[in-house]
K.L.:
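Would you mind keeping the following structure in view while I ask a few things?
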Amino acid sequence: MLAIAAIAFALGGTAVSSVETLPACRAASVSIPEAWKTIGAQGRVQFRIPPDMQETHDPKLGCVHGCEAWSRGTFRVVVAHGIWGVGSFDDEWLARACAETRGTLRVVLMPSEEGKKHVVVVWPVNDTSTQSTNDILLNVQWTDPTDEADAKKVIASLTAKR
């Protein structure tokens, strides 16, 4: 671990060792339409998706602890179950990460762009001492620019279950 930190420092970056060291996300004011479907992911969180997204079953997802996916054209939302921590993500993803608090839920956002493909990994941090394979990552992907507004709404809709 020390060697990784030294390499990251030598390259001008710093290794992320905890969520507390991440910068705060920029505040965004996003309104989620009431007509959107609420998805109660296993565990302690929920999020909303547009009503025209369809559940899909893709055997290529290869989620070890299970996953669910919804799509509409190039717009896709995937929930991956597992036990997640800072060590689950490589330095490249963490270098783009920011953290925010939504009520009692801490959330880490990790955006990425490759050409037209946009991906935002949303990690609702499990701050309890009970780790579970019911913890999730929300992976939001799109390539069509017309899906960006809906993608932002899905990302903003992730909250603790009420």
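Since we're looking at a predicted model, the values are computed, not measured.
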K.L.:
Looking at residues at least two apart in the chain, or sitting in another chain, which of them share a side-chain contact (heavy atoms from CB on, under 4.5 Å) with T38?
P.N.:
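T38 satisfies side-chain contact (heavy atoms from CB on, under 4.5 Å) with Q46, R48 only.
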K.L.:
Which residues satisfy the ring pair (Phe, Tyr, Trp, His ring centres under 6.0 Å) test with W36, sequence neighbours excluded?
P.N.:
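By the ring pair (Phe, Tyr, Trp, His ring centres under 6.0 Å) rule, W36 matches no residue at all.
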K.L.:
Sort and list the pairs that fulfil salt bridge (charged side-chain N to carboxylate O under 4.0 Å, His left out) and have at least one residue in residues 148-157, not counting sequence neighbours.
P.N.:
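Applying salt bridge (charged side-chain N to carboxylate O under 4.0 Å, His left out) to every pair that reaches into residues 148-157, excluding sequence neighbours, yields R72-D150, E148-K152.
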K.L.:
Looking only at heavy atoms, what is the nearest atom pair of S31 and P33, with distance?
P.N.:
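Where S31 meets P33 most closely, the heavy atoms are O-CD, 3.6 Å.
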K.L.:
Mind checking the CD1-SG spacing from I136 to C67? Nearest 0.5 Å is all I need.
P.N.:
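Reported to 0.5 Å precision, the distance equals 11.5 Å.
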K.L.:
Are the ring centres of W70 and F75 closer than 6.0 Å?
P.N.:
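Ring-ring flag for W70/F75: false, centres at least 6.0 Å apart.
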K.L.:
T74: which residues meet the side-chain hydrogen bond (donor to acceptor under 3.5 Å, both in side chains) condition with it, sequence neighbours left out?
P.N.:
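Per chain and number, T74 pairs via side-chain hydrogen bond (donor to acceptor under 3.5 Å, both in side chains) with T143.
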K.L.:
Could you go through the side-chain contact (heavy atoms from CB on, under 4.5 Å) check for F47 and V140 one step at a time?
P.N.:
CA-CA 12 Å; F47 61 95; V140 181; over 6 Å; no
K.L.:
Nearest 0.5 angstrom please: L94 CG to W123 CH2, how far?
P.N.:
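Reported to 0.5 Å precision, the distance equals 8.0 Å.
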K.L.:
Could you state the interatomic distance from OG (S71) to CD1 (I49), rounded to the nearest 0.5 Å?
P.N.:
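One finds 9.5 Å between OG of S71 and CD1 of I49.
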K.L.:
Output all residues satisfying salt bridge (charged side-chain N to carboxylate O under 4.0 Å, His left out) with D144, sequence neighbours left out; order by chain, then residue number.
P.N.:
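D144 satisfies salt bridge (charged side-chain N to carboxylate O under 4.0 Å, His left out) with no residue once adjacent residues are dropped.
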K.L.:
With sequence neighbours excluded, what pairs up with R102 under the side-chain hydrogen bond (donor to acceptor under 3.5 Å, both in side chains) test?
P.N.:
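Testing R102 for side-chain hydrogen bond (donor to acceptor under 3.5 Å, both in side chains), a comparison that skips the adjacent residues, returns E100.
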K.L.:
Under 3.5 Å, side-chain donor or acceptor atoms of residues 110-121 against the rest of the protein: list the pairs with distances, not counting sequence neighbours.
P.N.:
none

K.L.:
Could you walk me through whether H81 and E68 pass the side-chain hydrogen bond (donor to acceptor under 3.5 Å, both in side chains) check?
P.N.:
CA-CA 9 Å; H81 301 274; E68 296 87 35; 3.0 Å; yes
K.L.:
Could you tell me whether the side chain of V45 reaches within less than 4.5 Å of the side chain of T159, counting heavy atoms only?
P.N.:
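They are not in contact (no side-chain heavy atoms under 4.5 Å apart), so the answer is no.
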K.L.:
Which residues pass the salt bridge (charged side-chain N to carboxylate O under 4.0 Å, His left out) test with E55, sequence neighbours left out?
P.N.:
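Expected list: none.
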K.L.:
If the condition is side-chain contact (heavy atoms from CB on, under 4.5 Å), which residues does T101 pass it with, not counting sequence neighbours?
P.N.:
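With neighbours one apart ignored, the set is R106.
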K.L.:
Going by the side-chain contact (heavy atoms from CB on, under 4.5 Å) test, name the single residue among V122, L137, V125 that passes it with V108.
P.N.:
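When V122, L137, V125 are each tested with V108, the side-chain contact (heavy atoms from CB on, under 4.5 Å) holds only for V125.
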K.L.:
Grab the two heavy atoms, one from A160 and one from L105, that are nearest each other, plus how far apart they are.
P.N.:
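Looks like N-CD2, 3.7 Å.
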K.L.:
With C98, which of L109, L22, V107 fulfils side-chain contact (heavy atoms from CB on, under 4.5 Å)?
P.N.:
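Looking at L109, L22, V107, the match for C98 under the side-chain contact (heavy atoms from CB on, under 4.5 Å) is L109.
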K.L.:
Can you name the side-chain hydrogen bond (donor to acceptor under 3.5 Å, both in side chains) partners of S29, sequence neighbours left out?
P.N.:
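Listed in chain order: nothing, the list is empty.
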